[in-house]
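Down below is the structure, laid out as structure tokens.
FYI, side chains are in, hydrogens and waters are out, and symmetry mates aren't considered; it's all heavy atoms of this structure.
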Amino acid sequence: MDSKNNSHKQTIFIALFFFIILLAWTIWQFHFNYMVSLYDTFFHSERIYEIRLAFQQHQLPSWVNFNSFFNTGQAINGMYPDITLWPFVFLTDFLTPIHQIIAIKALIAGLGFIVTFLSVNKRFDSRNAVLAATIFTLSGSVLKDLVNEMQTGTALVMIFAFPIFFTLKEAIEIEKIDPPLIIKTALLMFWVIGSHLLSAVVITIVAGIFLIINTIIKKNYLAWLNLIIAAGLTVVLCAPILYRLMKISQTGLLSPFGLGHVDSLSLWQIFWTSRWNTKSTISWLSIILLLIVIFKFNRQKLRQLLPWLSVEIVLILLSSNIVPWNLLGKLPIINNFQNAAWRFAPFLGIVPIILILINFSSKTARKIFFGVTILSYLMAGYTGFQAQYHKTAKLPIITQNSTTPTGLNGYAKVTSSGITSDTLSRTLIPDYAPNSVPLAKGTNGLSLDPRIVYLINGHLGVTKGREIPLKHNSTNVNSITLTADNVPKGEITLPVYGYNSLIYQIKLNGQRVKASRSSEGFITIHSNKNLQHATYQITQIQPKMYRPLLWMSTVLLIVLIGLLTIPKIKKARQL
């Protein structure tokens with residue numbers, strides 16, 4: 001009895017220590033009043049900012065970005081799954097914008113720790129589970145999202161990484177119809193699709209490979225039925241997201257950069273370019289754990305280890321150029337991968353932890369994990385300080401008054417007022433713009449045409465060969481108000497994208513007017529007279545079908561969670 005109590009106390013202490021460290025990191029980040037940002041951090045910060053405004057105005061997040069991404073009404077929030085991000089934004093909306101983003105990163109890491117612990121604890125010793133959760137959170141993809149480049153979509157997926165792997169393995173191997181397993185699979189895939197579409201594709205590819213192999217070897221077809229039913233439930237749960245994507249896509253959108261060309265790494269690069277905090281190669285932690293398993297391989301547990309070893313090998317191969325991505329990159333959906341390692345490598349940190357738990361006794365695994373946990377805290381601390389201070393002394397501090405441009409691949413210290421600054425060229429991108437918008441030649445779809453960049457960056461309207469400066473005077477999440485002086489009669493093309501498949505309400509000086517779309521994809525308004533002062537208000541109206549789909553999805557989500565948890569609660573009470 002004392003031994004059991006000591007075990008619980010140790011588990012609680014390890015978890016408590018982790019959250020104290022996470023809280024200390026969060027407070028330390030808060031005191032800077034800026035966030036060191038790079039690459040996709042700018043992109044996801046502006047997505048969060050748009051959701052933030054919507055909740056503060058008691059509205060649903062807009063499909064188009066009028067208050068970010070240079071106020072172009074670009075359909076980034078509409079095309080990028082964000083429903084799983086909504087609760088995190090809602091809970092932190094009382095904070096300043098930059099503190100909110102830091103808090104969201106910490107909440108995602110903290111929730112990932114809890115979910116990982118609960119998932120591993122169902123199958124292994126509680127102390128090993130809490131140590132596994134610690135080293136998983138303080139390394140690889142999770143740590144990189146926390147302290148370096150923030151990629152919110154994949155970070156949200158990693159919260160449920162362990163349940164996803166355990167559940168899909170069970171779903172592939174099961175030989176009966178299992179309603180609870182179907183529901184669990186559907187809920188997990190809803191989370192993935194609601195966070196990051198390409199991660200859902202990656203998980204489906206990996207699971208599909210093993211489903212086919214298992215079917216060939218064991219002739220087990222009931223697994224297919226379970227997964228088909230789960231897929232159907234997932235589609236219904238994801239109906240609002242899928243509807244949004246299809247509705248916007250009807251306009252015709254620009255292809256992502258590098259469409260049809262998927263880069264990949266050699267096997268040597270996947271290991272040689274490894275880091276402790278990495279999501280495009282295998283992490284040092286994973287290499288350490290794999291080597292321990294290889295050198296102390298327990299042959300008596302081969303049947304248990306082999307499936308997981310196979311998963312890790314497949315993930316490594318799919319991250320590398322051994323797979324013919326030059327051919328596969330021509331296939332639909334896969335042609336959006338851009339880089340294979342970006343898609344598969346984030347999941348490489350899961351299996352090595354499971355292998356340790358299976359290969360060794362609980363006591364031996366605990367000793368290994370304890371040593372690696374100490375190393376994880378040291379490396380995470382080093383990584384955090386490097387991220388905050390290394391090469392940051394001369395970085396520009398971006399505020400709303402900043403004038404120094406930050407390059408496409410530049411770093412910056414972004415403040416709350418600078419999140420949507422026009423100096424952040426990283427957010428002046430073609431993603432999800434109408435396909436009539438011109439692109440820069442020779443960039444493979446990475447950059448907009450210089451003329452378009454000039455007009456958007458300068459917030460310039462074009463009429464009769466003249467360029468007219470525009471002022472952005474609104475913070476309404478679903479509309480933008482632009483003002484201009486001395487506008488001649490005739491047509492004026494505003495630097496705001498128009499999507500043919502979306503509904504707009506457009507007003508000129510308070511009166512509703514009709515508008516068209518220019519050959520370059522921008523909204524064009526006609527005036528029958530010269531205007532000394534012109535106020536243009538463009539409002540994007542969400543389709544009526546969207547809200548009922550959200551309600552339907554929410555109700556089904558609650559019902560499925562209830563069906564999964566109520567029997568367990570009743571059983572626990574009986575015990």
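Partner of T154 under the side-chain hydrogen bond (donor to acceptor under 3.5 Å, both in side chains) criterion, out of H196, R343, K279: K279 alone. The side-chain hydrogen bond (donor to acceptor under 3.5 Å, both in side chains) test with H99 singles out one residue from N33, T26, T92, and that residue is N33.
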Checklist entry - Could you go step by step and tell me if K169 and F210 meet the side-chain contact (heavy atoms from CB on, under 4.5 Å) rule? => result CA-CA 9 Å; K169 181 178 182 295; F210 288 97; over 6 Å; no
Checklist entry - Where do I164 and W191 land on the side-chain contact (heavy atoms from CB on, under 4.5 Å) test, with the steps shown first? => result CA-CA 10 Å; I164 289 167; W191 182 271; 5.8 Å; no
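S126 and T11 form a side-chain donor-acceptor contact under 3.5 Å, judged by distance and modelled atom types alone. Under the 3.5 Å distance criterion, with hydrogens and angles disregarded, no donor-acceptor pair is assigned to the side chains of D145 and Q151.
For the pair W276/L375, a side-chain contact is recorded, criterion being any heavy-atom separation below 4.5 Å from C-beta on. By the 4.5 Å heavy-atom criterion applied to side chains, S274 and I287 are counted as neighbours. Proximity of L357 to R123: side-chain heavy atoms (C-beta onward) are nowhere separated by under 4.5 Å. Counting heavy atoms from C-beta on, the side chains of R426 and T406 never come closer than 4.5 Å. Residues W25 and K105 have side chains in contact (heavy-atom distance under 4.5 Å, counting atoms from C-beta outward). Side-chain contact check for S376 versus F136: every heavy-atom pair is 4.5 Å or farther apart. Put simply, the side chain of L197 does not reach to within 4.5 Å of the side chain of I333, judged on heavy atoms. By the 4.5 Å heavy-atom criterion applied to side chains, V314 and F344 are not counted as neighbours.
A salt bridge links R366 with D125: at least one charged nitrogen is closer than 4.0 Å to a carboxylate oxygen.
Between A223 and L211, the shortest heavy-atom contact is CB-CD1, 4.0 Å.
Aromatic ring orientation, F337 versus W325: tilted (interplanar angle from 30° to 60°). Classification of the F90-F55 ring pair by plane angle, with boundaries at 30° and 60°, yields perpendicular. Ring orientation note: the planes of F166 and F162 are tilted relative to one another, at an angle of 30° to 60°.
Judged by distance alone, with hydrogens and angles left aside, the side-chain atoms of S320 form a donor-acceptor pair with the main-chain N or O of L317 at under 3.5 Å.
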